[in-house]
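Contents: one structure, followed by commentary.
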Number of protein chains: 2
Amino acid sequence: MFSKTCEYAIKATIFIAQQRDGITCVGVKEIAKGIHAPEYFVAKILQELSRKKIVSSVKGPNGGFCMSEAQMNKPVLDIVLLIDGDGLLNSCVLGLEHCSNINPCPMHHEYQKIKQSVRNMLEKNTILDFNNLVLAKKAVLFMN
Amino acid sequence: MFSKTCEYAIKATIFIAQQRDGITCVGVKEIAKGIHAPEYFVAKILQELSRKKIVSSVKGPNGGFCMSEAQMNKPVLDIVLLIDGDGLLNSCVLGLEHCSNINPCPMHHEYQKIKQSVRNMLEKNTILDFNNLVLAKKAVLFMN
DNA sequence: ATAATAAAAGATATTATTGTCTTTTATTAT
DNA sequence: ATAATAAAAGACAATAATATCTTTTATTAT
Ligand code: SF4
Ligand code: SF4
């Protein structure tokens, strides 16, 4: 479904969102541990997310990554689009060059609904929404 | 969603199913052209599908690949499970080590429904079903 | 000012996926 | 029997995804 990169990106932002004040920073090392992902790899991903203003970053002592209210309230779709592109939402399940209702692939009608509900899920749920589940201990970001 | 290998596998079987008699063989070259996929690659895939009895193969002149009634009537899920494994159906969207209702990932509840409808689509639709759409010119296997 | 800190940037390594080519084996028509 | 055909098998190549390491730059506490 998602690339590893994208999975880590989603989990990292959900993790960062635990600092609700929008000011307190959390470092890569801590993030990587908190989501059970390779440190240097998430560092790279966070760089990208920072460039694209999905998260904010601060260098130096007490630095790290943080998110503003506005950033937390973005739909998870934003991250997916940024990292994996719109393939999941707009390209053919069977890899046809373009999607079209006129000449669709055999799975078209069956798949349309699924594609719609994936879009819906990613659009209506914000990073904060998912973080709320974690804070309420109704969900986890890693397993032992 | 699916790997390229799996996409080709699905399209190849749908293409082979066009020979409805279950006897007439169609060669790799023709299949590859019919689904716009790299010839040697689909050859490899068909080898695997043949080993696992998803299709039948005949060597020598007039040889190639064919499918019996029983084979055509298998759900597309069989191919997906064979090629991509059960990851799509059974593993966590966010890559948690195991899926569990007790300690789910934050997207669990949202994703469960989608996973279910993917399974449903792949279970209830047979290769023949999709091929019928192609024969009826309601769907295509490639584009120009 | 200086040293410590932590991200940014760049380079490199590893692995998995995708794609191609060559040789071998089985089948069939002649 | 023989030659032609086509898949099976094995080896190889190219690319993309994932992961790691090193150097540089910005920030801050001292
Ligand atoms: S299913 Fe239809 S919409 Fe979906 S991908 Fe294939 S052609 Fe495109
Ligand atoms: S969502 Fe739930 S079921 Fe789906 S994957 Fe994550 S933990 Fe597993």
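Residue numbering restarts at 1 for every chain, and letters A, B, ... go by the order of the sequence lines. Below, all heavy atoms of this structure are taken into account, side chains as well, without hydrogens, waters or symmetry copies. Note that this is a predicted model, so its numbers are computed, not measured.
C:dT5 atom C1' lies 15 Å from atom CD of A:E30, rounded to whole Å. Rounded to a whole Å, the CD1 atom of B:I45 is 13 Å from the P atom of C:dT17. Remark: P of C:dC21 and NZ of B:K29 are 12 Å apart, rounded to the nearest angstrom. Here the P atom of nucleotide C:dT28 and the CD1 atom of B:I23 are 13 Å apart, to the nearest Å. Going from atom CG of B:L49 over to atom P of D:dA8 covers 10 Å, rounded to whole Å. Nucleotide D:dT18 holds its C1' atom 15 Å from the CD atom of A:E48, rounded to whole Å. If you take CD1 of B:I35 and P of C:dT18, they are 14 Å apart, rounded to a whole angstrom. At whole-Å resolution of the value, CD in B:E39 and C1' in D:dA6 are 11 Å apart.
Pair assignment for C:dG19: D:dC12, on the basis of Watson-Crick or G-U wobble contacts that are both within less than 3.5 Å. Base pairing annotation: C:dG10 forms a Watson-Crick or G-U wobble pair with D:dC21, both donor-acceptor distances under 3.5 Å. The nucleotide C:dT27 finds its pairing partner in D:dA4, both defining distances of the Watson-Crick or G-U wobble pair being shorter than 3.5 Å.
Side-chain N/O atoms of B:S50 include none lying less than 4.0 angstrom from OP1 or OP2 on D:dA7. Close to D:dA17, at under 4.0 Å from its OP1 or OP2, lies no side-chain N or O of A:T5.
Within the 4.5 Å cutoff, side-chain heavy atoms of B:I79 are placed close to those of B:I54.
Closest approach to the A:Y40 side chain among D:dT22, D:dA7, D:dT18 is made by D:dT22 (side chain taken as heavy atoms from C-beta onward). For A:F41, taking side-chain heavy atoms from C-beta onward, the closest of the listed nucleotides D:dA7, C:dA4, D:dA19 is D:dA19. Relative to the side chain of B:Y8, the nucleotides C:dA7, C:dG19, D:dA4 differ in distance, and C:dG19 lies closest. Among the nucleotides C:dT20, C:dT27, C:dT18, the one closest to the side chain of B:P38 is C:dT20. In the set D:dT22, D:dA7, C:dA9, D:dA7 carries the atom at the smallest distance from any side-chain atom of B:F65. Counting only heavy atoms from C-beta on, B:N62 has its side chain closest to C:dA29 among D:dA8, C:dA29, C:dA8. The side chain of B:K59 approaches D:dA8 more closely than any other nucleotide in the set D:dA8, C:dA9, C:dA7.
Residues A:L81 and A:V76 are members of one and the same hydrophobic cluster, defined by side-chain heavy-atom contacts under 4.5 angstrom among Ile, Leu, Val, Met, Phe, Trp and Tyr. If you chain together hydrophobic residues whose side chains sit under 4.5 Å apart, A:V80 and A:L89 fall into the same group.
Under 4.0 Å is where a charged nitrogen must lie from a carboxylate oxygen, and between B:E30 and B:K33 no such pair does. The pair A:E48-A:K44 fails the salt-bridge criterion, with no side-chain N (NZ, NE, NH1 or NH2) lying under 4.0 Å from an Asp/Glu carboxylate O.
Interface remark: the A:K44 side chain does form a donor-acceptor pair with the C:dA9 base, using a distance-only criterion of under 3.5 Å. Between the side chain of B:K4 and the base of C:dT18, no donor-acceptor pair under 3.5 Å is found.
Using a 30° and 60° split on the angle between ring planes, B:F41 and B:Y8 fall in the perpendicular class, above 60°.
A residue-by-residue look at A:V42 and B:Q47 shows that B:Q47 has its nearest nucleotide of DNA chain D further toward the 5' end. Each of A:V28 and B:F2 lies near DNA chain C, and the nucleotide nearest A:V28 is the one positioned closer to the 5' end.
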